[in-house]
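Below, chain A is the first sequence line, B the second, and so on; all start at residue 1.
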Protein chains: 2
Amino acid sequence: MPRRENDTRSRIRETALELFASQGVDKTSLREIAERLDITKAALYYHFPSKKDLLTELIQPLFDDVETLLDDAERTGDLAPRVLLGRYFDVTARHRALFLALLYDLGTLIELDVVTRIFQWRDRLQRLLVGPAPRPAEIAACTLAVGGVQDCAITVEGPSAAEEYREAALDAACRALGVDTAGTQ
Amino acid sequence: MPRRENDTRSRIRETALELFASQGVDKTSLREIAERLDITKAALYYHFPSKKDLLTELIQPLFDDVETLLDDAERTGDLAPRVLLGRYFDVTARHRALFLALLYDLGTLIELDVVTRIFQWRDRLQRLLVGPAPRPAEIAACTLAVGGVQDCAITVEGPSAAEEYREAALDAACRALGVDTAGTQ
DNA sequence: GTCTATAGATAGATAGAC
DNA sequence: GTCTATCTATCTATAGAC
């Protein structure tokens, strides 16, 4: 074990995520990250060749989680909407800080390649929930369900109330979708 | 009639809104606005003392509309949720470009004083829909309904499909809220 | 009302010493 | 791996001529 490798690197990731989530990616300069860590900008550039690289690396775990979720759901097939949305709630809650950061400035994200992938999530989720070639009524229901579950997961503050809001959000989402929620957990 | 007064001024407003909506406020520089209008930055500053002033003036009509809507609903009292949400859909759709701009970089907005006011809308809408002191289940339902109606209104592209999506979104929102939608229009 | 010119600040990024 | 020093680009905003 080569002592505690990557210490600075992971401290950078941690601080960057914190600042990105609280004030947006664009409004967080590398200078600010460096100052908070009491290192210099140049030191930061040693670990990450660009701001974009730093952000990309922060986003990767979220992407992995969501895509694992979708792959799994598509492989299983015929998953109950409530279970699928519940898993989506959990992923969103787990990456809450990152979601906030992405939400703060969508504009920045568009310049990255991530937005196309996020749209693909939506499409895949929609296909899983209301099938291909949905009518407007189904698209609207799906928009409420997915967006609403995500909003609730992001909004919830402590993990204390999380469980209660989770069930509440899922109930509302199932009603919006018009699916029976009784019996499923 | 002093000829066509304020021509340049309103052209600036128009172009700025267009650019803000398509790429975000922060990523739109005054230089870019000026170039597209074929005037100089300095000329722009003659009409608007700062970028913030320009943005504030663009936002004002939206604020007026929403607050009129809320004032009216509170005065009337006991308005059917579907009617209230329908009006909110209409306001959102009318100011679609501006909503997009605000959505693109929330971070910028936080620095303005607008976010507190937007939170107040949410509170007032929530109070109108599920009353004061709502439980988590009601908060979640309201989050889905309001957020979802807004999302649908922003997402809709042409005014052709708008009517169909409007009804679809309102139906889904009412289901999420658990209110009977039959009979109301 | 619109221009040129420029101030003043800050951003992301790089070179090279240690 | 971290530093100092510096580059280049871009931004908002202002002063003052026309």
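The shortest distance between the side-chain N/O atoms of A:Thr8 and the OP1/OP2 oxygens of D:dT2 is below 4.0 Å. Not one side-chain nitrogen or oxygen of A:Ser29 sits closer than 4.0 Å to the OP1 or OP2 atom of C:dT10. The side chain of A:Thr40 contributes an N or O atom lying less than 4.0 Å from OP1 or OP2 of D:dC3.
A salt bridge is defined here as a Lys NZ or Arg NE, NH1 or NH2 lying under 4.0 Å from an Asp or Glu carboxylate O, and B:Glu18 with B:Arg36 meets this definition. Between B:Glu167 and B:Arg82 there is a salt bridge, since at least one side-chain N of the basic residue sits less than 4.0 Å from a carboxylate O of the acidic one. Contact check on A:Asp72 versus A:Arg75 returns a salt bridge, with a Lys/Arg side-chain nitrogen under 4.0 Å from an Asp/Glu carboxylate oxygen.
At a non-hydrogen distance threshold of 4.0 Å, nothing from residues 17-28 of chain B comes into contact with DNA chain C.
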Could you write nucleotides 13-18 of chain D as a row of B, S and -, 5' to 3', where a protein heavy atom under 4.0 Å of any base atom gives B, of only sugar-phosphate atoms gives S, and otherwise -?
BBB---
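One atom, NE2 of B:His47, and another, C1' of C:dT2, lie 8 Å apart when rounded to the nearest Å. For the pair B:Leu44 CG and D:dC11 C1', the interatomic distance rounds to 14 Å; values are reported in whole Å. The separation between B:Ile33 atom CD1 and D:dT12 atom C1' is 12 Å, rounded to whole Å. For the pair A:Ile12 CD1 and D:dG1 C1', the computed distance is 10 Å after rounding to whole Å. Straight-line distance from the CZ atom of A:Arg11 to the P atom of D:dG1: 14 Å, rounded to whole Å. Taking atom OH of residue B:Tyr46 and atom P of nucleotide C:dT2, one finds them 8 Å apart after rounding to whole Å. When the C1' atom of C:dG1 is taken as reference, atom CZ of B:Phe48 falls 14 Å away, rounded to whole Å. Atoms CD (A:Glu35) and C1' (C:dT10) sit 12 Å apart, rounded to a whole Å.
A:Phe89 approaches A:Ala169 most closely through the heavy-atom pair CE1-CB, 4.3 Å. The two residues B:Leu84 and B:Leu69 have their closest heavy-atom pair at CD1-CD1, 4.3 Å.
Ring-plane geometry between B:Phe99 and B:Trp121 is classed as tilted, the angle between the planes lying from 30 to 60 degrees on a 0 to 90 degree scale.
Heavy-atom distances to DNA chain C give each of A:Arg31 and B:Ile39 a nearest nucleotide, and the one nearer the 5′ end belongs to B:Ile39.
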Please tabulate, for side-chain N and O atoms in residues 134-153 of chain B, each donor-acceptor pair with protein atoms closer than 3.5 Å (sequence neighbours left out).
unit_1   : atom_1 : unit_2   : atom_2 : d
B:Arg135 : NH2    : B:Glu138 : OE2    : 3.1
B:Glu138 : OE1    : B:Arg135 : N      : 2.9
B:Thr143 : OG1    : B:Ile139 : O      : 2.9
B:Gln150 : OE1    : B:Tyr88  : OH     : 2.5

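For A:Asp38, the CG atom sits in a loose shell: 12 or fewer heavy atoms of surrounding residues, nucleotides or ligands are nearer than 6.0 Å.
You'll find the side chain of B:Arg117 reaches within 4.5 Å of the side chain of B:Glu67, heavy atoms only.
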